[in-house]
> 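The structure is given below, and queries will be raised subsequently.
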Number of protein chains: 2
Amino acid sequence: MKPFHSYQNPSLAVDLVVFGYSQQQLSVLLLNRKEAPFKDRWVLPGAFLQMEERFKDACSRVLKTKLGMDDVYLEQLYSFDEPDRDPRGRAISVAHYALVNPSKVAIAAGSMANDVSWFNINELPALGFDHDSIFQQALQRLRSKITYFPVGFELLDDLFTMPELHELYECILDTTIDRRNFRRKILDSEYIINTGKKREGSQNRHPDLYKFNKKLKKNSFQINV
Amino acid sequence: MKPFHSYQNPSLAVDLVVFGYSQQQLSVLLLNRKEAPFKDRWVLPGAFLQMEERFKDACSRVLKTKLGMDDVYLEQLYSFDEPDRDPRGRAISVAHYALVNPSKVAIAAGSMANDVSWFNINELPALGFDHDSIFQQALQRLRSKITYFPVGFELLDDLFTMPELHELYECILDTTIDRRNFRRKILDSEYIINTGKKREGSQNRHPDLYKFNKKLKKNSFQINV
DNA sequence: TCAAAAGTGTTTGCGATACACCCATGG
DNA sequence: CCATGGGTGTATCGCAAACACTTTTGA
């Protein structure tokens, strides 16, 4: 059999929309390009797919080597194929999005402090390549998914309070949600477990600490916007 | 700049899950392979992506040249990347699904009568490559999408009756739906328009003929299973 | 004891579901 | 005129949304 790679194939890359949540803000991780094309512009992190490498492996490689992140929630988003999306030549991008807890990873003031940065999703600069539209699609997917599937927990600490989860939902969905109805829906889904502990330190009543119920795979809930 | 294709890249293909509906049956179009690997096995139609070609163009090319189909509803599904999914070497498949009206296309008794065939989705043979899982994912997507988005019309004639649309939904979702509630939801969504004409020929009352409201883009409905 | 935030329960209203009758047609 | 399937309307029930009071805490 003639091996495939004797034919010419488009270049194949993964690009990553890395979402992070902290200080009641949803942010995306961007990279400042040091070379043409789009020199000095902000872009999504990404990498070319190596032979024998899975998409998720390539994504993990980027998250690990460029960003120092391990063990991250990853989901394939869409494959982008516009012939002119990369001025260097034909390049397909298989976009993914990732959900990380910024406090668990150490990007902030590392050696790449000027290269990598969190941007609030409402204050994004114009991105290079077609990364604006990749980001938009990722945001849309996240907003859709979080209303019926327990992905929000990936963005929080292992232990979190109900008000924190509630705020996360309001922030991502950019709306207000009745906290009492929200609480009931989430608790009814049984995706979170009250640990019995409480978050100390605040001046007011100490809220209960919950944890994500990892074992549960099939329950459903629906947060309406 | 060094052109991308001087590096080695995985082979890149599109694969198509072509759904058709006729005689109250949901079917998929399969191809009988004439060569190794998977000689004499049934597989999804597909093609390698040519340089400068978009996914949808490659899909259209397959639909046109191999199947004689034009102007078909197409949607990107997912990209499949298991390193061993093709024994000939590393091959990425960007899977799509298509919705066609079999009565509008001419596959049946053409020159490839032995190569191409419709299979009822409940009576599929074991497919070559990883096409079983591609098919399963496509079916799942179709079932999900049809409950909130007007894709069912792609499978019917330009003019169709309410009972026909109702039957289509019951068939695809593999369930029973109260026809009066179904009618109300569909009509409320305003995605279909009563043409005032009636389908003649049956012994019983002649049902109204509807057409799809192509202009409407944003209304929503929800068919629950 | 006060302000601020967290925990909890009840009422209300709309939308989905369940359900039944009349109408048109050809034989 | 009858059997068959198509068109239409209504009552009910459940869930989701709206809403208010009590509890805890540190200052």
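Each chain gets a letter, A, B and so on, in the order its sequence line appears, and its residues count up from 1.
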> Can the ring centres of B/Phe80 and B/Tyr78 be said to be less than 6.0 Å apart?
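Yes, they do, as the ring centres are separated by less than 6.0 Å.
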> Counting distance alone, no hydrogens or angles: does the base of C/dA16 have a donor or acceptor under 3.5 Å from a partner atom on the side chain of B/Asn224?
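Answer is no: no donor-acceptor pair is held.
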> Looking only at the aromatic ring of each residue, does the gap between the centers of B/Phe182 and B/Tyr169 stay below 6.0 angstrom?
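Under 6.0 Å, so yes.
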> Quick check: closest heavy atoms across A/Met162 and A/Ile192, and the distance to 0.1 Å?
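Looking at all heavy atoms of both residues, the closest pair is CE-CD1, 3.7 Å.
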> Between atom OH in A/Tyr148 and atom P in D/dA16, what is the gap in whole Å?
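These atoms are roughly 18 Å apart.
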> For B/Val225 and for B/Lys198, locate the closest nucleotide of DNA chain C by heavy-atom distance; then report the residue assigned to the nucleotide nearer the 5' terminus.
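So the residue in question is B/Val225.
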> Which nucleotide wins on minimum distance to the side chain of B/Pro163, given the candidates D/dG7, D/dA16, D/dC19?
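Closest nucleotide to the B/Pro163 side chain: D/dG7.
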> Give a yes/no on whether any side-chain N or O of A/Lys185 is located under 4.0 angstrom from OP1 or OP2 of D/dA17.
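For A/Lys185, the contact criterion (side-chain N or O under 4.0 Å from OP1 or OP2 of D/dA17) is met.
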> Between the base of D/dA20 and the side chain of A/Arg180, is there a donor-acceptor distance below 3.5 Å?
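Such a pair exists between side chain and base.
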> Just by modelled atom types, is the A/Thr161 backbone N or O under 3.5 Å from a matching donor or acceptor in the A/Glu164 side chain?
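At least one qualifying donor-acceptor pair exists.
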> Mapping B/Arg179 and B/Arg184 onto DNA chain D by nearest heavy atom, which one lands closer to the 5' end?
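The residue closer to the strand's 5' end, by nearest nucleotide, is B/Arg179.
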> Measure from CG on A/Asn204 to C1' on C/dA5 and round the result to the nearest Å.
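In whole Å, C/dA5 C1' lies 4 Å from A/Asn204 CG.
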> Hey, does the side-chain of A/Asp178 have a donor or acceptor N/O within less than 3.5 Å of a partner on the base of D/dA16?
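No, the side chain and the base share no sub-3.5 Å donor-acceptor pair.
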> Do the side chain of B/Arg183 and the base of C/dT17 come within less than 3.5 angstrom through a donor-acceptor pair of N or O atoms?
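Flag unset: no donor-acceptor pair detected.
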> Would you kindly give the CG-to-P distance between B/Asn181 and D/dA11, to the nearest whole Å?
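In whole Å, D/dA11 P lies 15 Å from B/Asn181 CG.
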> For the pair made of CG in B/Leu165 and P in D/dG7, what is the distance, rounded to whole Å?
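So the two atoms are 12 Å apart, to the nearest Å.
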> How about CD on B/Gln222, more than 12 heavy atoms from neighbouring residues, nucleotides or ligands closer than 6.0 Å, or not?
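Atom CD in B/Gln222 is crowded, with more than 12 foreign heavy atoms closer than 6.0 Å.
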> Atom NE2 of A/His206 and atom P of C/dA4: how far apart are they, to the nearest Å?
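Roughly 17 Å, once rounded to whole Å.
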> In whole Å, I'd like the distance from the CZ atom of B/Arg205 to the C1' atom of C/dA24.
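Result: 5 Å.
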> Taking CD from A/Glu164 and C1' from C/dA5, how many angstroms apart are they, rounded to a whole number?
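From A/Glu164 CD to C/dA5 C1': 13 Å.
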> Report the distance from atom CG of B/Asn194 to atom P of D/dG7, rounded to the nearest whole Å.
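So the two atoms are 9 Å apart, to the nearest Å.
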> Base, sugar-phosphate or nothing for B/Ser202? Non-hydrogen atoms, less than 4.0 Å.
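It contacts sugar-phosphate atoms only.
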